[in-house]
Amino acid sequence: MRIERELMRGAGPVAVLKLLERGEMYGYELVEALARRTDGVLSVGQSTLYPMLYNLEAKGLVVGRWREGDNGRGRKYYALTAKGKKRLAADMEQWSAVARAMSALGVIAAPGGAGSRRALA
Amino acid sequence: MRRSRQETVNLLAHTPMRDVARGRLTGRLDWRREIRSAGMPERIGALVERVVKRTRLWGLEKVDVARELCAHFRDALDSGLGESEAIERFGDPKTSARLIRRAKRRARPLAWQAWRRICQGAAAAIVVVLLIYSWFGFTYWFGRPNPSRDYMAELNAIAAATPEEARAWPIYRAALLEIGDLPSEVITSKSPLGAGVSDEAAAILDDHRESLDALRRAGMMERMGYVAITGVHADDAPLFGERDPANEGVGDALEGSVFSSQLPQLGSARRIAFLLGNDARLAHQRGDAELAARSLRAIFGVANQVREHPILINDLVSIATHVYALNLASELLHKAPERFEVGQLVELSHTIAAAIPDDYDVRLDGERATYYDVVQRMYTDDGDGGGRLTRRGLHALDSLQGGGGSTPEIRVMEDILGPFATALMSRRAAVEEYDRVMALFERTLTLPLWELEDSEEFRLLREWTEESGLVTLTSLPRLLIPSIERAGIQRNFLLQTRDGVLVAIALELHRRRHGAWPETLESLTPALLPRVPPDRFDGAPIRYVVREGEPVVYSIGANMIDNGGRADLDSDGRPTNQRTMSWMGFTPGPAARVPDADWILWPPLHEPVRYEEGEREAPGAG
């Protein structure tokens with residue numbers, strides 16, 4: 001499914017921060033993880049991932065380090081900073097609130113599976 | 001392995017300065033080397049190179065991006081993607097480069113960010129200035145003034161409406177041409193007061209008797225009828241010479257304007273006054289009081305004729321000529337009063353009162369016309385009182401400042417900077433400021449002297465003249481408003497001098513009637529004097545004492561103290577009465593000296609010349 005650009009603009013960085021929560025990752029790894037774990041919904045263009053990472057780096061939410069990868073070649077690994085963790089926590093709270101609201105409206109299925117959708121009053 | 005020269009140059013070009021300073025040619029900035037050494041397929045390498053090049057980032061930033069993109073494509077290929085698929089999945093290189101550039105610049109140091117904002121602000125400001133400059137420049141370069149009112153014709157209205165046969169000017173011209181050049185003794189007022197006319201001067205005057213009679217007759221006519229133009233009339237060229245307006249700094253823009261008009265008749269009027277004045281002296285010397293009185297009446301007539309143009313300089317010349325005639329009348333009356341018959345004295349008194357009434361005014365109509373005429377020739381006209389300065393107008397401004405001969409270089413600078421002048425000097429502002437200041441001046445012209453220096457108008461005008469800075473550089477009124485401030489003082493000076501002569505005539509008539517001087521000036525009213533004139537310095541009646549059997553009429557003068565009729569004397573013991581006006585300091589500057597003395601209106605302060613027994617009489621007399 002192709003997601004509206006405006007939605008991706010908000011979702012993309014949060015998704016990247018969430019992936020990095022577990023540990024540092026390199027660019028291509030992030031691209032693959034986003035595509036795989038979201039069934040392609042949050043696939044970012046590969047040419048737009050790196051600008052996103054550089055923006056997050058400029059804001060101090062992630063930090064990049066060059067080191068030798070397991071294939072023996074240099075890679076730039078990105079990791080969350082303390083500031084990034086705080087931002088992630090805040091963003092997750094906001095997204096949860098939005099999801100609850102959308103769920104209450106019946107826009108998305110309530111947590112708990114199918115059949116728990118509520119129609120608009 | 002020894003490097004080639006090209007390799008060394010390339011290495012140097014890609015080494016940061018601090019590495020070079022340390023003596024190390026690292027070549028760390030060679031991002032292409034990073035791509036080459038990544039060992040990727042050619043197409044991918046070319047793609048990465050294209051993206052990195054497009055980012056236009058700093059050297060080290062490009063290296064970082066090149067390394068990362070190479071690592072990305074290596075990982076893609078290692079994951080089993082084909083070359084084409086990897087390139088396709090990467091996306092648009094242009095978009096990528098643009099986004100990478102934007103993101104990387106955000107990570108640059110704060111100082112760089114601040115400098116970037118400053119540069120952006122400066123660029124925006126420059127654009128705004130250029131837009132404004134272009135807008136004003138369009139008006140400046142292509143705007144055209146559209147003069148719609150013929151101010152010159154309005155000022156010439158009285159002269160132009162005078163029938164040819166009623167004009168004094170042609171008679172003056174013919175007489176002056178016949179008289180030609182004469183020694184200064186004869187044609188100026190440089191003779192000391194009280195000095196007689198020498199035999200040589202008398203002979204010269206006698207040689208031109210007919211022309212002098214013509215001047216006297218013309219002086220009694222109502223109008224001079226001189227129509228002012230730019231340059232001189234062809235008929236007047238023999239008298240004034242050819243005058244080329246271009247030689248007098250009048251540029252094209254002001255051609256035909258009031259400003260460019262010539263008033264050579266004013267100089268002629270002064271010359272006529274001095275000729276008739278010296279002839280009056282001669283006549284009086286010879287005992288011909290009738291001729292002397294007629295000459296005096298003619299001089300007053302000339303002084304009034306020059307007022308046919310309501311221009312300040314005309315009024316000032318008129319005042320100066322009246323004062324000359326009054327001083328001359330005073331001199332002749334004091335020298336030998338018995339030579340004037342009662343009837344002649346009464347007629348002279350009436351002539352003076354009619355020529356110089358109490359409401360004699362100094363007019364600024366001509367100044368206004370001159371200014372508005374200049375404005376309409378310098379600015380566009382939006383039909384609502386507004387407009388912008390034009391290129392032609394700036395050149396006119398140059399003429400006004402005496403720069404009629406600007407060099408081409410100056411003209412180029414004017415063309416470049418002209419739009420700024422257009423922005424700063426609007427027509428409406430130029431007219432409003434002018435009207436405001438002129439209204440103040442006009443009010444000062446009618447204020448009594450004792451109210452002048454403490455008046456609000458005086459204070460505001462002093463503030464205006466003391467202003468400085470950019471506001472004065474862009475103020476057209478400051479360039480064109482003449483020195484008006486003393487005109488009101490000169491008007492008061494004229495009226496007071498007149499009062500002195502009228503009182504002197506009344507005193508003489510009283511003495512003849514009663515055999516003695518009156519005790520007070522009130523005694524002269526109303527038979528010989530309508531009223532006792534006011535002292536122009538404090539408004540009280542002018543002062544009068546009889547000292548050593550002679551009457552003294554005086555004003556308390558600028559020190560505002562009644563010194564009992566004591567005159568101011570210079571270091572040589574000469575009276576300085578005639579420099580009364582210099583006592584009034586209007587414009588900022590060294591304080592004028594205020595004498596601790598009175599302004600003596602009568603008698604005239606000079607050694608009286610006593611006529612000797614058997615003094616030569618006029619030819620043909622007796």
Side-chain angles (χ1 to χ4, degrees), chain A residues 2-3 5-6 8-9 12-13 16-17 19-20 24-38 40 42-79 81 83-84 87, chain B residues 28 34-35 37-40 44 47-48 50-52 54-55 57-58 60-81 83-110 112-113 116:
Chain A
R2 188 183 168 82
I3 303 300
R5 198 201 308 193
E6 290 303 317
M8 275 306 297
R9 194 171 280 175
V16 167
L17 290 177
L19 285 174
L20 292 176
E24 59 180 20
M25 298 170 76
Y26 56 88
Y28 193 77
E29 190 178 12
L30 279 164
V31 164
E32 291 289 288
L34 276 171
R36 187 178 64 251
R37 293 185 57 183
T38 65
L42 290 186
S43 284
V44 296
Q46 294 180 3
S47 61
T48 56
L49 173 72
Y50 293 98
M52 190 192 302
L53 286 170
Y54 299 149
N55 273 326
L56 293 172
E57 201 174 13
K59 289 175 186 173
L61 302 178
V62 303
V63 63
R65 270 195 306 266
W66 282 95
R67 62 179 178 81
E68 200 170 286
D70 49 15
N71 59 1
R73 296 195 197 120
R75 283 195 186 110
K76 193 172 185 182
Y77 285 79
Y78 293 90
T81 61
K83 188 178 175 186
R87 169 63 73 83
Chain B
R28 288 195 290 139
E34 285 290 333
I35 298 170
S37 64
M40 287 180 300
I44 292 178
L47 170 67
V48 172
R50 212 159 50 240
V51 171
V52 174
R54 271 186 175 275
T55 62
L57 290 167
W58 293 344
L60 283 175
E61 291 170 335
K62 280 185 183 171
V63 169
D64 192 56
V65 171
R67 285 177 73 191
E68 186 149 22
L69 292 182
C70 288
H72 167 85
F73 280 105
R74 277 202 304 271
D75 289 333
L77 293 172
D78 285 349
S79 71
L81 277 180
E83 186 181 320
S84 298
E85 196 178 353
I87 291 173
E88 192 187 326
R89 283 196 185 187
F90 180 74
D92 177 35
K94 275 191 202 172
T95 306
S96 176
R98 180 169 50 83
L99 293 174
I100 287 173
R101 173 180 169 79
R102 190 188 296 171
K104 276 293 193 182
R105 278 152 60 103
R106 284 199 184 116
R108 285 182 180 170
L110 205 58
W112 182 90
Q113 304 284 354
R116 184 163 161 247

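Naming convention: chains lettered A, B, ... in sequence-line order (proteins, then strands); numbering from 1 in each chain. Everything quoted here is computed from the prediction, not taken from an experiment.
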Legend entry - Selection residues 45-57 of chain A - residue pairs positive for salt bridge (Lys or Arg N to Asp or Glu O under 4.0 Å), sequence neighbours left out: A/Glu57-A/Lys76
Legend entry - Nearest atoms (heavy-atom pairs only) where B/Glu34 meets B/Ala66: CB-CB, 4.5 Å
Legend entry - Charged N-O contact under 4.0 Å between A/Arg75 and B/Glu68: no
Inset, instruction - Please state whether the side chain, the backbone, both or neither of B/Asp92 comes within less than 4.5 Å of a heavy atom of chain A. - result: backbone
Inset, instruction - Below 4.5 Å from any heavy atom of chain A, which atoms of B/Leu47 appear? Answer side chain, backbone, both or neither. - result: neither
Legend entry - B/Val51, part contacting chain A, at a heavy-atom distance under 4.5 Å: neither
Legend entry - Any residue meeting ring pair (Phe, Tyr, Trp, His ring centres under 6.0 Å) with A/Tyr54, in chain and number order, not counting sequence neighbours: none
Legend entry - Under 4.5 Å from a heavy atom of chain A, the part of B/Arg67 involved: both
Legend entry - Part of A/Glu32 within contact of chain B (heavy atom distance under 4.5 Å): side chain
Legend entry - Side-chain H-bond candidate by donor/acceptor type, A/Tyr50 with B/Ser96, under 3.5 Å: no
